[in-house]
Amino acid sequence: MRLGLWRWPKEEQDALRALFCRVALNWFHDGGAVPFERVMRETGRDMDTYVSECIVEALLMLRVDPFNLFAWLAREGSPRARDVLVDLTARQHLVDEGVYYVLDDANHEPLLRDGIRALDRLALDSLQRIVTDERLVCLWTWAEREDWVLARTIEDTEPLRTKYALRLSATERRRDRAIVKAAIA
């Protein structure tokens, strides 16, 4: 995003969105680590969560609808999809605002920052509408029997999940969508 992605030609953004959608399918559905295998092997640690969160953030920045993205991950039900949804509920922000931007026109920066903050609010709201407390209790009940690591993660993230929970009204969602649209235009 620091490269002013929303100011790139639409065709280039569309191509990147298609690429990252394919990466997400490979990662979350098929369990494939390509193109991340080399990096994951070199670090000597499990990078599944980090890679999952990077893919989600890239898709959000490439204007994949947050609600549809989180709904797809919830339906996907793979271990990586479950893990990233639970992990994201404990985050204060889902989209990194960035410290600086490389833009052709610096006058675009305030609008870009407003757009990213609005996208972050929309993403947090969408995540909360998909990953509800009721669904997490059902997931925890299953995980208690089948995946004790996930069950502990659900328990451990509860205080942060409660602290960072954000629900927007329909009016606030419309306002934030308009802010994002203005930043992209």
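Side chains are part of it too, since the values below use all heavy atoms of this structure and drop only hydrogens, waters and symmetry mates.
Follow the hydrophobic side-chain contacts under 4.5 Å out from I116 and you reach F67 in the same cluster. Both L59 and L16 belong to a single network of hydrophobic side chains, linked directly or stepwise wherever heavy atoms of I, L, V, M, F, W or Y lie under 4.5 Å apart. Side-chain heavy atoms closer than 4.5 Å link hydrophobic residues (I, L, V, M, F, W, Y) into clusters, and following such links, even through other members, never connects L160 to L88. A continuous path of ILVMFWY side-chain contacts below 4.5 Å connects L19 to W8, so both sit in one hydrophobic cluster. Under a hydrophobic clustering in which Ile, Leu, Val, Met, Phe, Trp and Tyr are joined whenever their side-chain heavy atoms come within less than 4.5 Å, directly or via other members, Y50 and V23 fall into the same cluster.
Across A24 and W72, no two heavy atoms sit closer than the pair O-CH2, 3.8 Å. The two atoms that bring V180 and A118 nearest to each other are CG2-CB, 3.8 Å, heavy atoms only. When all heavy atoms are compared, the tightest approach of H93 to R91 is O-NH2, 3.1 Å. Contact record, P66 with L119: CG-CD1, 4.3 Å, taken as the closest heavy-atom pair. Taking all atoms of both residues into account, the shortest heavy-atom contact from S52 to W27 is OG-NE1, 2.8 Å.
In this structure, CG on D96 lies 10.0 Å from SG on C54, to the nearest 0.5 angstrom. Distance check: L122 CG to R117 CZ gives 13.5 Å after rounding to the nearest 0.5 Å. Taken from CD in Q128 to CG in L168, the straight-line distance is 10.5 Å, to the nearest 0.5 Å. Atom CZ of R63 is separated from atom CD of Q13 by 4.5 Å, given to the nearest 0.5 angstrom. With rounding to the nearest 0.5 Å, the separation of CG in N68 from OG in S126 is 8.5 Å. Atoms SG and CG, on C21 and N26 in that order, are 11.5 Å from each other to the nearest 0.5 Å.
The closest donor-acceptor contact from the side chain of T89 to the backbone of V86 lies under 3.5 Å. Looking only at distances, no side-chain donor or acceptor of E53 sits under 3.5 Å from a matching main-chain atom of V84. Proximity of a side-chain donor or acceptor of D120 to a complementary backbone N or O of V95 within less than 3.5 Å is detected. Checking side-chain atoms of R135 against main-chain N and O of I130 turns up a donor-acceptor pair under 3.5 Å. With E144 contributing its side chain and A151 its backbone, the two residues share no donor-acceptor pair below 3.5 Å.
The closest side-chain heavy-atom distance from F20 to V64 is not below 4.5 Å. In this structure the side chain of I184 never reaches within 4.5 angstrom of the side chain of K181, judged on heavy atoms. Counting heavy atoms from C-beta on, the side chains of R80 and T49 never come closer than 4.5 Å.
Ion pair R17/D14 flagged as a salt bridge, since at least one NZ, NE, NH1 or NH2 atom sits closer than 4.0 Å to an Asp/Glu carboxylate oxygen. Salt-bridge formation is detected for the pair R22/D30: a Lys NZ or Arg NE/NH1/NH2 atom is positioned less than 4.0 Å from an Asp or Glu carboxylate oxygen. The pair R167-E172 does not meet the salt-bridge criterion, since no charged nitrogen lies less than 4.0 angstrom from a carboxylate oxygen. Between R173 and D176 there is no salt bridge, since no side-chain N of the basic residue sits under 4.0 Å from a carboxylate O of the acidic one. Salt bridge annotation for R129-D125: present, with a cationic side-chain nitrogen under 4.0 angstrom from a carboxylate oxygen.
Under the side chain to side chain contact (heavy atoms under 4.5 Å, CB included) rule, R82 has a single partner from L150, V131, I154, which is L150.
Judged by distance alone, the side chains of T162 and E158 do bring a donor and an acceptor atom under 3.5 Å apart.
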* Decide yes or no on side-chain contact (heavy atoms from CB on, under 4.5 Å) for F28 and L73, but give the supporting numbers first. => CA-CA 8 Å; F28 293 111; L73 285 168; 3.7 Å; yes

* Just do the side-chain contact (heavy atoms from CB on, under 4.5 Å) check on F70 and L94 with the steps written out, would you? => CA-CA 12 Å; F70 297 131; L94 301 183; 3.8 Å; yes

* To do: Check step by step if side-chain contact (heavy atoms from CB on, under 4.5 Å) holds for D83 and T153.
  => CA-CA 9 Å; D83 291 346; T153 302; over 6 Å; no

* Applying side-chain contact (heavy atoms from CB on, under 4.5 Å), run through R121 and I179 and close with a yes or a no. => CA-CA 11 Å; R121 288 188 300 270; I179 292 170; 4.2 Å; yes

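The hydrophobic cluster containing V137, built from Ile/Leu/Val/Met/Phe/Trp/Tyr side-chain heavy atoms closer than 4.5 Å, comprises no other residue.
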